[in-house]
Structure formats: structure tokens, C-alpha cells
Amino acid sequence: MESPESWFHRRATFYVEAQILFHLNQVGVWELLKSGGPRTARQIADSLHLDAGAADALLDYIFEVDDLLERDQEGKYSLSEFGRKVIERFSDMKADTGRQSINMFDVRVGAYGPVWQNLGRMLSGDGRYGRDFHREGRYAENGVFKLAMRFWGSLIEHVEDLDTGSVVEVGLTTGLVERLAETYPGHRLYGLDKSEQVIERNAAGASARGLTNIRWMRSDFFDVDRWADAIDVKRRGLVFSVHFHELMAGGESQFVEALRRLRSLLPNWVVLAFEQPRLPHGDRASVPETLWLYSQSNILIHHLIGNGRILSREAWIDLGAQAGCRKVTDRACDYLGYRAFAFHL
């Protein structure tokens, strides 16, 4: 059994190291080491225009406490075999720029850094999220993009199995509706978001790629009559989102009422929610550690700042029953416990 002293220093190291890994990524250290050969801290600092002393201290610390780096007798750093596996796992090419992106703690540390810095204010009631401080959206966006792509296979299965001719995406930070436009040029596609800035950015990106079968709609999801009226109901369709848990921030009854209204406006359509259900505490011993920790982090941030609610699998299914849906089905997405809940209107 771990001693209290080991527990303490391990947790303190995790906290400090996560900050260091994030900032080394932001200045380009991991990308440089991934593509180049061994380099000293001074050479890394010169290449990236960094402070040599700070770079040396941070790289030395990571070398001593983790397995990501190797250092030879000349003091040159390179990625270890394990380090390369980590970097490859959290790297991708941004679809809009073709640029390499390494998502190293971008969401947990970067996007929600202002939240952790203001926890004391939140606890004392002296500061409120959304009023006194906000998350850093620029760091969160790429994380959402990478997560959403994990659901592409499940999304395609539903589009095909339901024989849909129209698809609406709610919340435009995933790139999924654009990918649908490339895959199904004959479908009627709709991108719905309440942010004019998001719509303009996505529309410009789609236009640059020659995608012409997406109609962009600025509206709140709950203003159902406004946006559903613009949908071609002659074709059976699908409304999907990876953000429905955020819409629960105002309470489940609002979402249920939206489903009820959609039943009358879009009969025989399906509303598809990609969600990670809350795991029962009693299952902790049998759930893989990675899944358990990810799940608890997901619950923590959404419940702490009040921008969403993470529901159990049973609760998601019950929403459909409350709304009078014909049926609710759910399928595993084969990624971190996420499931696709399909509300058949």
C-alpha cells in the first residue's frame, strides 16, 4: 500500500508536470523533438526563441520524473520510444490547415486553467464562472474536434441504417457536418449554432473546400419552431450533437419539451446524442482506470462550472420516455464508454 508521503509527492508532481507538458507543447518543443534529431536545451531554446534557462530547467525536470525523454552524455534530448508513442497518440493534422497539432493537456490544463486558478473564489462565492472568468476556448476547440471524429463511424451507421436524406448538426465545433457534406453530396445538410462567429468561420471553411450542400442556421436549439421550420421535412432525417449534455444545464425538462416539439415538427426523424453516461460508483473496481478517470473529469468540469449535466445511461433513455418518443436505442461508440442515444420521434 502506498505511503502518505509517496501519495503526496506523486500528486504534487502530477500537478506540476501537467502544466509543464502543456506549455512545452504550446511553444513547439514536442513538435520539434518529434521531427528533428537530438538537441540540447540551448539548441531547443535557440530554435524556438525561448529563454534558455527556463527551457533547461523544465526539460531536466521532465527527464528526471517521467519516461518521455532521453538525454545522452552530450546533454542532448530526444523522445524516448514511449515518448514517441505518446506524441503520436495525441497528434493529428488539423483538417482546415493541414498543420500538425499535438493535443497535450490542451483541454484539462489550457482550456480550463482559468477555472482551476479561480477555485478558491468559486468556493467562497467571490467568483462565478461565466461572469468573472471563462474558459480558454482556443485550447478546447481542437480537443472537441478530435473527440468528435471518434464518433464518425457511429454517425455513418445511423445515417445509413435510418436511410436519411437530411442531417442537422447542433453545435458546430466538430467538423462532422462538413465531413458529411463530402461523403453525401446529395444529402440536405444543416449546421445549427447560436454563435454568429462560429457559423461564419465554419461557412467560410466549407466554402473554401467547395462544399455547397450545407445550410447554416443561427439559432438556439431550444427555439425549435424557429429552426425546424426551415428544414426539408419531405426527407427523413437525423438531428445529432456531441453537446446535448451541455443543453442539460438548464434542466432536463427543457430538453424533454424540445423533443416533444420536434415530434410534431419532424415526425419520424431521429435525434442522436453522443454522450458518455455517468458510471455507477459501485462499478469503480471493475472499470478500466483510464475510462474511470476520464469519466470523473468529464463530470467534474461540467458540474463545477454549471455548463452541463452528465446523466446515467438509464437517465438518458428515460428522457425519451418522458418525451413520448416511439423508442430510444443506444449503441456503444467503442471509445471511452461513449454511447449513441437515438431518440426516435
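As the structure is a computational prediction, the values presented were derived from the model and not from experiment.
- A salt bridge links E64 and R71; the closest N-O separation between the charged side-chain nitrogens and carboxylate oxygens is under 4.0 Å.
- Residues E136 and P114 meet the side-chain proximity criterion, which asks for heavy atoms closer than 4.5 Å.
- Hydrophobic clustering keeps L311 apart from F274 (ILVMFWY residues linked when any side-chain heavy atoms are closer than 4.5 Å, directly or through intermediates).
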N/O donor to acceptor pairs below 3.5 angstrom from side-chain atoms of residues 296-303, sequence neighbours left out:
{"from": "S297", "atom 1": "OG", "to": "L293", "atom 2": "O", "distance (Å)": "3.0"}
{"from": "N298", "atom 1": "OD1", "to": "H302", "atom 2": "ND1", "distance (Å)": "3.3"}
{"from": "N298", "atom 1": "ND2", "to": "Q276", "atom 2": "OE1", "distance (Å)": "3.4"}
{"from": "H302", "atom 1": "ND1", "to": "N298", "atom 2": "O", "distance (Å)": "2.9"}
{"from": "H302", "atom 1": "NE2", "to": "H245", "atom 2": "NE2", "distance (Å)": "3.2"}
{"from": "H303", "atom 1": "NE2", "to": "I310", "atom 2": "N", "distance (Å)": "3.0"}

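- Residue pairs satisfying the ring-ring contact (aromatic ring centres under 6.0 Å, His included) criterion with at least one member in residues 39-63, sequence neighbours excluded, are absent.
- Heavy-atom contacts from other residues, nucleotides or ligands closer than 6.0 Å to CH2 of W116 number more than 12.
- Between R226 and D220, none of the side-chain N atoms (NZ, or NE/NH1/NH2) sits under 4.0 Å from a carboxylate O, so this pair counts as no salt bridge.
- Atom-to-atom distance recorded for W316:CH2 and M248:CE is 3.5 Å, nearest 0.5 angstrom.
- Within the structure, the ring-ring contact (aromatic ring centres under 6.0 Å, His included) test picks out the following pairs touching residues 164-185 (sequence neighbours left out): Y184-H187.
- Atom CZ in R89 sits 13.0 Å away from atom CD1 in I102 (nearest 0.5 Å).
- The line from CG of L265 to CD1 of I231 is 10.5 Å long, rounded to the nearest 0.5 Å.
- Pairs engaging residues 177-192 under the salt bridge (Lys or Arg N to Asp or Glu O under 4.0 Å) rule: E182-R209, R188-D232 [sequence neighbours left out].
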Under the side-chain hydrogen bond (donor to acceptor under 3.5 Å, both in side chains) rule, what do Y294 and Y338 come out as? Steps first, then yes or no, please. CA-CA 11 Å; Y294 182 95; Y338 277 88; 3.0 Å; yes
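- Inter-residue side-chain proximity for F244 and L272 is flagged as unmet; no heavy-atom pair is nearer than 4.5 Å.
- Under the side-chain hydrogen bond (donor to acceptor under 3.5 Å, both in side chains) criterion, R331 pairs with E157, D161, not counting sequence neighbours.
- At distances below 3.5 Å, not a single donor-acceptor pair connects side-chain atoms of D106 with backbone N or O atoms of G110.
- E275 contributes atom CD, which lies 14.0 Å from atom CZ of R313 (distance to the nearest 0.5 angstrom).
- No side-chain heavy atom of D193 sits less than 4.5 Å from a side-chain heavy atom of R201.
- A ring-centre distance under 6.0 Å is not found for F240 and F151.
- The shortest heavy-atom contact between E74 and T40 is O-CG2, 3.9 Å.
- To the nearest 0.5 Å, the span separating CH2 on W30 from CG on N103 amounts to 14.0 Å.
- Taking the side chain as every heavy atom from C-beta outward, F105 and Q19 never approach each other to under 4.5 Å.
- A 4.5 Å side-chain heavy-atom check between L147 and V107 finds every atom pair outside the cut-off.
- Under the 4.5 Å side-chain heavy-atom criterion for ILVMFWY residues, a single connected hydrophobic cluster contains both V177 and V159.
- Under the 4.5 Å side-chain criterion, counting only non-hydrogen atoms from C-beta, L50 is in contact with V27.
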Solution key, residues 249-261 side-chain donor-acceptor pairs under 3.5 Å, sequence neighbours excluded:
{"from": "R260", "atom 1": "NE", "to": "Q322", "atom 2": "O", "distance (Å)": "3.3"}
{"from": "R260", "atom 1": "NH2", "to": "Q322", "atom 2": "O", "distance (Å)": "2.8"}
{"from": "R261", "atom 1": "NE", "to": "D225", "atom 2": "OD1", "distance (Å)": "3.2"}
{"from": "R261", "atom 1": "NE", "to": "D225", "atom 2": "OD2", "distance (Å)": "2.9"}
{"from": "R261", "atom 1": "NH1", "to": "S264", "atom 2": "OG", "distance (Å)": "3.1"}
{"from": "R261", "atom 1": "NH2", "to": "D225", "atom 2": "OD2", "distance (Å)": "2.6"}

